[in-house]
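Only one structure is covered here, and it is reproduced in the block below.
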Amino acid sequence: MKKTRILATIALMLVLAVAFAAAGCAGSKDVVMGTSSGFEPFEFVDADQKVIGIDVDIANLIAKEAGKDLKVEDMNFDSLIAAVQSGKIDFVAAGMTANDERRQNVDFSDTYFDASQVIIVKEGSAIKTAADLVGKKIAVQQGTTGADLAGEIEGATLDNLTKVADCVTELLQDKVDAVVIDSYPAQKSVEKNAGLVILSEPLSVEQYAIAVKKGNTDLLAKINKVIAAIKADGTLDAIIAKYSSES
Ligand code: ARG
């Protein structure tokens, strides 16, 4: 009798241990955002080395909707898709353009920002339009749509770099003739560095969305709910405005 009770207790403890472990996996208290800082105003590092920006603010609202704490994983942009596929991160919020190529590997939320790829050159450059980029040296951020577009330019040589700031530095040092990057980070770079201009004609028009692992419909529904709500009540505009004035 006593022995049976002990055995029953052990069995119960084992069942509970397994149940807690399972809950720990499925119901972790963190939701992990993957991003790639150095892309102001969407994600950049503040004086305390904390990643802040438009995407982080949106991600915080997603975490709240999911009833979890937000954890931010900062990595190279071209590692993000693999990280969400492997489950290292739960979603990508990185000013990522939703496109069909990426849709083969991840699911995208509704879009939250209209962007474009622009050309930055030095003031007084002979490059006035995209057509003038033929045969030129162009710095791009590795793995981005800007890199893809620049790669299609006839005879152009690409310098694939990990950060936007590195692209801008190469241009300032005349190591390249132009930089092809997203419009808003381009604007921030030009504000911070004298002698640079953005050509008026964009190379492409794109939309940013948040990416999740294929089939993660539960999280995707929560993300879309947040995006719809913040678009409708003006919160998204307020978040964007907050980082336009800040620098
Ligand atoms: N929108 C571009 C793309 O999706 C560039 C995004 C770069 N983002 C970043 N956080 N560095 O390819």
Side-chain angles (χ1 to χ4, degrees), residues 32-46 49-60 62 70-85 88-120 130 138-153 158-171 178-190 192 198 202-212 223 227 239-240 243-244:
V32 186
M33 157 193 182
T35 196
S36 184
S37 69
F39 196 72
E40 192 179 348
F42 292 92
E43 39 269 337
F44 56 108
V45 169
D46 70 5
Q49 295 308 305
K50 209 176 138 214
V51 183
I52 58 167
I54 296 169
D55 284 329
V56 183
D57 283 8
I58 297 173
N60 267 308
I62 293 168
L70 183 71
K71 201 173 152 216
V72 181
E73 286 280 349
D74 194 6
M75 58 185 84
N76 284 346
F77 185 77
D78 63 351
S79 307
L80 288 165
I81 298 231
V84 80
Q85 283 182 306
K88 185 173 191 271
I89 57 175
D90 296 306
F91 62 88
V92 177
M96 183 175 271
T97 302
N99 64 23
D100 288 342
E101 194 190 328
R102 290 175 178 157
R103 252 184 214 106
Q104 293 176 1
N105 298 309
V106 291
D107 286 340
F108 278 110
S109 70
D110 296 331
T111 60
Y112 63 92
F113 192 82
D114 293 330
S116 56
Q117 292 300 316
V118 297
I119 302 161
I120 313 179
I138 308 170
V140 293
Q141 189 181 15
Q142 193 153 329
T144 61
T145 48
D148 290 344
L149 278 173
E152 288 167 13
I153 296 167
L158 297 199
D159 227 339
N160 274 283
L161 304 167
T162 43
K163 297 276 179 196
V164 168
D166 301 332
C167 300
V168 172
T169 304
E170 294 234 312
L171 180 60
V179 171
V180 172
I181 52 164
D182 296 51
S183 41
Y184 211 166
Q187 201 179 306
K188 289 283 182 186
S189 303
V190 168
K192 284 193 187 140
I198 299 172
L203 271 181
S204 74
V205 174
E206 317 184 332
Q207 273 97 34
Y208 294 165
I210 292 173
V212 298
I223 293 173
I227 291 177
I239 291 173
I240 294 168
Y243 292 101
S244 316

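All figures in this text were calculated on a predicted structure; none of them were measured in a lab. Below, each value reflects all heavy atoms present in this structure, side chains not excepted, and no hydrogens, waters or symmetry copies. Both counts, for ligands and for their atoms, begin at 1 and track the order of listing.
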Pair Q207-T111, side-chain donor/acceptor within less than 3.5 Å: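 Judged by distance alone, the side chains do not pair up.
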Student check: side-chain heavy atoms of V164 and K188 closer than 4.5 Å: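 A side-chain contact under 4.5 Å is absent here.
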Give me each pair satisfying side-chain hydrogen bond (donor to acceptor under 3.5 Å, both in side chains) with a member in residues 162-171, each pair once, sequence neighbours excluded.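 As it turns out, there is no side-chain hydrogen bond (donor to acceptor under 3.5 Å, both in side chains) pair with a partner in residues 162-171 once direct neighbours are skipped.
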To the nearest 0.5 Å, tell me how far T145 OG1 sits from M96 CE.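 It is 9.5 Å, given to the nearest 0.5 Å.
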So, using ring-ring contact (aromatic ring centres under 6.0 Å, His included) as the criterion, who are the partners of Y208 when residues are at least two apart?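 For Y208 the ring-ring contact (aromatic ring centres under 6.0 Å, His included) partners, ignoring immediate neighbours, are F42, F113.
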Report the residues that fulfil salt bridge (Lys or Arg N to Asp or Glu O under 4.0 Å) with D159, sequence neighbours left out, ordered by chain and then residue number.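 D159: no salt bridge (Lys or Arg N to Asp or Glu O under 4.0 Å) contacts found.
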Could you pull out the N/O contacts under 3.5 angstrom between ligand 1 and the surrounding protein atoms?
unit_1   : atom_1 : unit_2 : atom_2 : d
ligand 1 : 1 (N)  : G95    : O      : 2.8
ligand 1 : 1 (N)  : T97    : OG1    : 2.8
ligand 1 : 1 (N)  : D182   : OD2    : 2.6
ligand 1 : 4 (O)  : T97    : N      : 2.8
ligand 1 : 4 (O)  : T97    : OG1    : 3.2
ligand 1 : 4 (O)  : R102   : NH1    : 2.7
ligand 1 : 8 (N)  : A94    : O      : 2.8
ligand 1 : 10 (N) : S36    : O      : 2.9
ligand 1 : 10 (N) : E43    : OE2    : 2.9
ligand 1 : 10 (N) : A94    : O      : 3.1
ligand 1 : 11 (N) : Q141   : OE1    : 3.2
ligand 1 : 11 (N) : Q141   : NE2    : 3.2
ligand 1 : 12 (O) : R102   : NH1    : 3.4
ligand 1 : 12 (O) : R102   : NH2    : 2.8
ligand 1 : 12 (O) : T145   : N      : 2.8
ligand 1 : 12 (O) : T145   : OG1    : 3.4

